[in-house]
Chemist: 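The structure's right below; bear with me while I get my questions together.
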Amino acid sequence: MQEIPKVYNPKETEEKWYKEWEGKGYFHADSGTKKKPYSIVIPPPNITGILHMGHALNNTIQDILVRFKRMSGFETLWMPGTDHAGIATQNVVEKRLSKEGKHREELGREEFLKRVWKWREEYGSTIIHQLKRLGCSCDWERTRFTMDEGLSEAVQEVFIRLYEKGLIYRGDYIINWCPRCQTALSDEESEHRDVQGMFYHIKYPIKGTNEHVVVATTRPETMLGDVAVAVNPKDKRYKHLKGKVLELPVLKRELKIIYDEIVDKEFGTGALKVTPAHDPIDFQLGQKHGLKPINVMNPDATMNENAGETYSGMDRLECREALIEDLKERGLFIKSEPHRHAVGHCYRCHTMVEPRLSLQWFVKMKPLAKPAIEVVKKGKIKFHPTRWTKVYLNWMENIRDWCISRQIWWGHRIPVYYCKACVDPVKAKDKDAGVIASKEKPKKCPKCGGTDLVQDTDVLDTWFSSWLWPFSTFGWPQKNRDLKLFYPTGCLVTAQEIIFFWVARMIMSGLEFMKEIPFKDVYIHGTVRDDTGTKMSKSLGNVIDPLEIIDEFGCDALRFSIISITSTGQDVFLSKKRFETGRNFANKVWNVSRFLLTNLKQENVPGDLCVFAKDPSLTLADRWILSRLYETIDSVTKSIEKYRFNEAANTIYDFIWHQFCDWYVEFSKLTIDQKKTQFILYKVLEKSLRTLHPIMPFITEEIWSLLPHEEGSIMVNKWPHVNKDLIDVKIDKAMDSIIEQITAIRTIRATWRIEPIKRIEVVIKTPNKATTKSLNENIDYIKRLARVDKIDIGEKAKKPPKSATAVVGNMETYIPLAGIIDLEKEGARLKKQIDQVIGWLDNTKKKLSNKKFVEGAPKEVVEQQKTRQKELQEELKKLKSNLSDLK
RNA sequence: GGGCAAUUAGCUCAGCUGGUUAGAGCGCGUGCCUCACAUGCACGAGGUCAUAGGUUCAAGUCCUAUAUUGCCCACCA
């Protein structure tokens, strides 16, 4: 027998096995298979990403599902890949450029894109390597990237189809503008955050009078773009304004008074300044009342020439200050008061977003949303936990059009060409002649035959490629076997933040382009937080690096620990200490295996447990561990199928540690050289390992490889089947009674400080012959585990004088302790037990004396209470007699 | 403003359709290097299940309020 180290060393094991698995092609799915398919598409991590605990959780869950399904006989495909992450990646490369003192404009579009591709070659697969360290069993041969040729074609195809269907349009609307990234963002990409701002009250003079109207605003600099002031028609304060004209301070522009119900009388002064180019409500008002918007800002949020000579060129916030000073001088400033309000911030760089009127491309969402609402309402797609269904439906029912154009360079360029002869590319609307949606650059304009065609300079939102992921990765728009076999996928595993960005849109695109749902289940896991409940983020510096944990504790330890505390959909609170759980468990598994390996003989292990179903020579302990084993496998299987991963982890943990190691292995030491015992030990270990494998792939494979076994890797072996014939509740109970007996003796030993080495004598009084017999059959177990020399068992057993006593079910246990026992203290101990029993007894009495309970509750429940009462009464009697015997 | 979670042992949390004595890990106390494991073993202490009502024969579990905490959504300028 080879030397097996005392402490499990994950490092070597993990590297060795991952290479082996990958090399043997175990991760690869065969689309020519006859097996039933099971597939999962990975939420593609950004190429700029590095592995964090959120990924660790997300991908561990997926890997558990995938390994479980693979072992369960499915042709299993976990489709991996990465996302080009338009804005994020462009930002990273721009930052590197600026270190060289360069700006992307200097390089030009083509050169800049070359730099981005080069960056991606160098760093873009970092996250993939990290996922491998997590043990992910993805089919890496199929790895895709959202900017691949194939996926890019899918993007273009989708754009053109939607355009031709009239679901994509170009128009002037208020969008969220990030002044730092200098691009439009979708509503989802603008994150609302509470900001402590100021509410400024400003006088707008009424022309031709000495009077004025007071407006209140949080962004005074936008007043330079005001075109009207709106009040509620029901507001009596402003009735007199009808027919009057206001004068915009500083710029002296004339402002109309408009009346609209949308204005809240109670808010501010009830008079709303209308800036259609810089506020969504104002934009609506402008359209409704025929007002021409005036844009006063440049793309970088400095003021433009429309803001007037004084302010043109100033930054928006600088302008705000200067303007307030100006108004003060002119006597038009009343006051400013602190005001907390929600302001949009760029989800990539956290800069304050500026609502801005601009020409962008949009997807009309309502028609796409309708069928996507249906499939969820009908239960074709299920969310786990179900509460997310409501969140999804609520968003879908109020869906707004999706702004998909971005003014950056890194991404899928919009497949639209403009004929310079027909149309101005900078102003063209989608309906205009000379706007052509096409994958390739057209030779000439279909309208005028002009050949001077230019492509739209914008690129598409990153999510415009991700929303196609569940079918574009399989080759769509090509029709092939992968697509046919693996779409729709089995389950989508993701975090709540991404339901709107991604999940909802995938459902819509799947139904639109594949005419079928993209997945049946959506499992939403919680957010990973630190132990104070703060979301882990790099900027806060409270991250625990999964790779560091893998180095220190091992990958299996990381996976087990994180899974064992992830109850369905709840957030996960982590501290470094928590990973000790997994490490210790791995070590436990390691050591019990080590013990067995040094004792098992090869020839004793082959065969099947079925032969034992009715074998009378099995001991109670043998039957018990088999019953527990199959119960455990059954329970773990069901838990994984129900996405209750923590339950699965804790069930197998408890079985291996507290049932197998603590009891059965200890019992087996008496008979370990027997063939039958060896066989059972081996079988239980081997099946436990398979059950544990999806959660702890490496250590299970390592031990598997040391065990004698017939087939190859554990990861392509079968998920253990459940032999229900061997699950037996009666056996469980009988064993519990032996365990209780041992525990009772141990408790007394500990209470009276009997040295571990010292052997003692015990007398056990039983109620009948059958109990005596069954106890006698297990006498050696009790002797060994409770360190007892001699046990007298019998119905007529006599209590020795000065004994410590215990009541175990319907038996009584006596340990003579003359000279050791303190009668008073033992009395107190018994008294405590008596009080407890009296408490329980009172409860049952209360229930049974309640007529309504006896009549109303189900018979079994009443019977149960009656039995319980009897048992408690018996126990009480014994305890009391033991107490009085002490005197 | 709307919605969703959470509140159970000192700490972090399980407890799924209401029904025997409410569990785990960590921590704590005591004793052990017992021939697999001190990343271990044995034993123990510790809970009026946030509060107040209600439904029910029966509530940690269902309902309604309240409180505290956290998250998401939202065009009150």
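Chain A is the first sequence line, chain B the second, and so forth, proteins listed ahead of strands; every chain is numbered from 1.
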Chemist: At under 4.0 Å between heavy atoms, what does A:H384 touch on the DNA or RNA strands: base, sugar-phosphate, or nothing?
Modeler: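 Nothing, no nucleic acid heavy atom in range.
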
Chemist: Any heavy-atom pair between the side chains of A:R787 and A:I760 that's under 4.5 Å?
Modeler: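 Counting from C-beta outward, A:I760 and A:R787 never come under 4.5 Å.
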
Chemist: Step through it carefully: locate the ring centre of A:W657, locate the ring centre of A:Y653, and say whether they are under 6.0 Å apart.
Modeler: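 That pair passes the under 6.0 Å test.
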
Chemist: Between A:K390 and A:E871, which has a closest nucleotide on RNA chain B that is more 5'?
Modeler: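 Taking each residue's closest nucleotide, the earlier one in sequence belongs to A:K390.
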
Chemist: Tell me if the centroids of the rings in A:F199 and A:F267 come within less than 6.0 Å of each other.
Modeler: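 Yes.
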
Chemist: For the side chain of A:F267, counting heavy atoms from C-beta on, which of B:G25, B:A36, B:C76 is nearest?
Modeler: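 Side chain of A:F267 sits closest to B:C76.
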
Chemist: When you measure from the side-chain N and O atoms of A:W657 to the phosphate of B:C41, is any distance below 4.0 Å, counting only OP1 and OP2?
Modeler: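 For B:C41, OP1/OP2 do have a side-chain N/O of A:W657 under 4.0 Å.
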
Chemist: Answer yes or no on whether A:K846 is positioned over the face of A:F853, meaning its NZ or CZ is under 6.0 Å from the six-membered ring centre and within 45° of the axis.
Modeler: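 Output no; distance or angle outside limits.
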
Chemist: Name the nucleic acid region contacted by A:I565, choosing base, sugar-phosphate or nothing; use a 4.0 angstrom heavy-atom cut-off, strictly under.
Modeler: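 Nothing, no heavy atom under 4.0 Å.
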
Chemist: Select base, sugar-phosphate, or nothing to describe what A:S564 touches, counting heavy atoms under 4.0 Å on all strands.
Modeler: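 The residue A:S564 makes no contact with any strand.
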
Chemist: Base, sugar-phosphate alone, or nothing: which one does A:E755 contact when heavy atoms must sit under 4.0 Å apart?
Modeler: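 No contact.
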
Chemist: Whether A:E580 and A:K577 form a salt bridge (side-chain N of Lys/Arg under 4.0 Å from carboxylate O of Asp/Glu) is what I want to check.
Modeler: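 The answer is yes: the pair qualifies as a salt bridge.
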
Chemist: Please work out if A:D662 contacts a base, only the sugar-phosphate, or nothing of the nucleic acid, heavy-atom cut-off 4.0 Å.
Modeler: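 Sugar-phosphate contact only - A:D662 comes under 4.0 Å of backbone atoms but never of a base.
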
Chemist: Is A:Q833 touching bases, backbone alone, or none of the nucleic acid, heavy atoms closer than 4.0 Å?
Modeler: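 Counting heavy atoms under 4.0 Å across all strands, no contact is made by A:Q833.
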
Chemist: Would you indicate what A:F500 reaches in the nucleic acid, counting non-hydrogen atoms under 4.0 angstrom: base, sugar-phosphate, or nothing?
Modeler: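 Sugar-phosphate contact only - A:F500 comes under 4.0 Å of backbone atoms but never of a base.
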
Chemist: Using only side-chain N and O atoms of A:T751, determine if any of them is under 4.0 Å from OP1 or OP2 of B:G44.
Modeler: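 A:T751 to B:G44 OP1/OP2: no side-chain N or O under 4.0 Å.
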
Chemist: Tell me if the aromatic rings of A:W388 and A:F383 count as close, with their centers under 6.0 Å from one another.
Modeler: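 No, the ring of A:W388 stays outside the 6.0 Å limit from the ring of A:F383, centre to centre.
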
Chemist: So A:R400, base contact, sugar-phosphate only, or nothing? Heavy-atom distance under 4.0 Å.
Modeler: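 Sugar-phosphate contact only.
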
Chemist: Describe the nucleic acid contact of A:K6 in one word from base, sugar-phosphate, nothing, applying a heavy-atom distance below 4.0 Å.
Modeler: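 Sugar-phosphate, backbone atoms only, no base.
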
Chemist: Under 4.0 Å between any heavy atoms, over every strand shown, what does A:W752 touch: base, sugar-phosphate, or nothing? Just pick one.
Modeler: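 If one applies the 4.0 Å heavy-atom cut-off, A:W752 turns out to touch nothing in the nucleic acid.
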
Chemist: Could you tell me whether the phosphate oxygens of B:G23, OP1 or OP2, come under 4.0 Å of any side-chain nitrogen or oxygen in A:H658?
Modeler: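 For B:G23, neither OP1 nor OP2 has a side-chain N or O of A:H658 closer than 4.0 Å.
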
Chemist: Does A:Q496 contact B:A5 through a side-chain donor or acceptor facing the base, at a distance under 3.5 Å?
Modeler: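 Side chain to base: no pair present.
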
Chemist: A:F595 has a side chain; which of B:A77, B:A36, B:A74 sits nearest to it?
Modeler: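 Per side-chain heavy atoms of A:F595, the pick is B:A36.
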
Chemist: Using a 4.0 Å heavy-atom cut-off across all strands, classify A:R387 as base, sugar-phosphate, or nothing.
Modeler: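 Counting heavy atoms under 4.0 Å across all strands, the contact made by A:R387 is with sugar-phosphate only.
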
Chemist: Quick one: label A:A586 by what it contacts on the DNA or RNA (base, sugar-phosphate, nothing), any heavy atom closer than 4.0 Å.
Modeler: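 Here A:A586 touches no strand at all.
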
Chemist: Name the nucleic acid region contacted by A:R753, choosing base, sugar-phosphate or nothing; use a 4.0 angstrom heavy-atom cut-off, strictly under.
Modeler: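 Since only primed, P, OP1 and OP2 atoms lie under 4.0 Å of A:R753, the category is sugar-phosphate.
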
Chemist: For A:H339, report the nucleic acid contact type (base, sugar-phosphate, nothing); a contact means any heavy atom under 4.0 Å.
Modeler: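 The answer is sugar-phosphate, as A:H339 gets under 4.0 Å only of primed atoms, P, OP1 or OP2.
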
Chemist: So, OP1 or OP2 of B:G27: does either fall under 4.0 Å of a side-chain N or O from A:K577?
Modeler: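 The answer is yes; a side-chain N or O of A:K577 sits under 4.0 Å from OP1 or OP2.
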
Chemist: For RNA chain B, which residues in residues 843-859 of chain A have a heavy atom at a distance below 4.0 Å?
Modeler: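 Those residues whose heavy atoms fall under 4.0 Å from RNA chain B, taken from residues 843-859 of chain A in numerical order, are A:N850, A:K852, A:F853, A:A857, A:P858.
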
Chemist: Flag the pair A:R829 and A:E826 as a salt bridge only when some basic side-chain nitrogen lies within less than 4.0 angstrom of an acidic carboxylate oxygen.
Modeler: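 A salt bridge is present here (some side-chain N lies under 4.0 Å from a carboxylate O).
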
Chemist: Sub-3.5 Å donor-acceptor pair from the side chain of A:N591 to the main-chain atoms of A:N587, do we have one?
Modeler: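 Yes; judged by distance alone, with no hydrogens or angles, the pair exists.
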
Chemist: Check RNA chain B for consecutive Watson-Crick or G-U pairs with both distances under 3.5 Å and list the runs of at least three as stems.
Modeler: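 Paired runs of 3+ in RNA chain B: B:1-7 with B:67-73, B:10-13 with B:23-26, B:28-32 with B:40-44, B:50-54 with B:62-66.
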
Chemist: Counting heavy atoms from C-beta on, name the nucleotide in B:U20, B:C32, B:A36 closest to the side chain of A:K669.
Modeler: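 In terms of side-chain proximity for A:K669, the closest of B:U20, B:C32, B:A36 is B:A36.
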
Chemist: Between A:N646 (CG) and B:G23 (C1'), how many Å, whole number?
Modeler: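 Roughly 13 Å, once rounded to whole Å.
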
